[in-house]
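All heavy atoms count here, side chains included; hydrogens, waters and symmetry mates do not.
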Amino acid sequence: QVQLVESGGGLVQAGGSLRLSCAASGRTFSDYAMGWFRQAPGKEREIVAAISGSGAVMSYSDSLKGRFTISRDNAKNTVYLQMNSLEPEDTAVYYCAADTTFKVASNRWGYWGQGTQVTVSS
């Protein structure tokens, strides 16, 4: 069992930045790929970024235009999402997820956090 707790969400003006964190516990962190997803009101949950267990491989949604960066610190059992040049369209609940398989074409990840709200004002 893996427990995930997100933090760092909040209200920010367009053009601003936020860094989300997700602290994991319960199993060997480096055994798990980690992903960030988001879900806006009335929309399906979508993957934002994913990173392999070692941190060597990363994948991003094409729609982000290079504004977000995923990283992880296996010594701290934490994955991060640095979000820059935020736009109102980025407003959503952001979730972190863990799975033993690195998969970017599926939302079927094994473990999920409770989510953190990100609101970008125009």
Path from V79 to V2 over hydrophobic side-chain contacts below 4.5 Å: yes

Trace of the side-chain contact (heavy atoms from CB on, under 4.5 Å) decision for C22 with Y80: CA-CA 6 Å; C22 173; Y80 305 97; over 6 Å; no

side-chain contact (heavy atoms from CB on, under 4.5 Å) between L81 and V48, worked out: CA-CA 9 Å; L81 185 68; V48 173; 4.1 Å; yes

Side-chain donor-acceptor pair present, S30, T28, cut-off under 3.5 Å: no

R72 to F29, cation-pi by 6.0 Å centre distance and 45° axis angle: yes

N/O donor-acceptor pair under 3.5 Å between E6 side chain and Q114 backbone: yes

Aromatic ring proximity F37/W109, centre distance under 6.0 Å: yes

Shared hydrophobic cluster for L86 and Y95 (ILVMFWY, side-chain gaps under 4.5 Å): no

Any donor-acceptor N/O pair, R19 side chain to Q82 backbone, under 3.5 Å: no

Single-linkage hydrophobic cluster, 4.5 Å side-chain cutoff, V104 and W112 together: yes

Residues K103, D99: salt bridge by 4.0 Å N-O rule: yes

CZ-CG distance between R38 and L20, expressed to the nearest 0.5 angstrom: 11.0 Å

Worked verdict on M83 versus L64 for side-chain contact (heavy atoms from CB on, under 4.5 Å): CA-CA 10 Å; M83 306 186 294; L64 295 179; over 6 Å; no

ILVMFWY network linking F102 to M34, side-chain heavy atoms under 4.5 angstrom: no

CA sep, side-chain torsions, deciding dist, call: V57, I51, side-chain contact (heavy atoms from CB on, under 4.5 Å): CA-CA 6 Å; V57 180; I51 188 167; over 6 Å; no

Parallel, tilted or perpendicular: rings of Y32 and Y111 (30°, 60°): perpendicular

hydrophobic_cluster_shared for W36 and V120, side chain cutoff 4.5 Å: yes

Distance in Å, N107 CG paired with I47 CD1, rounded so as to fall on 0.5 Å steps: 7.0 Å

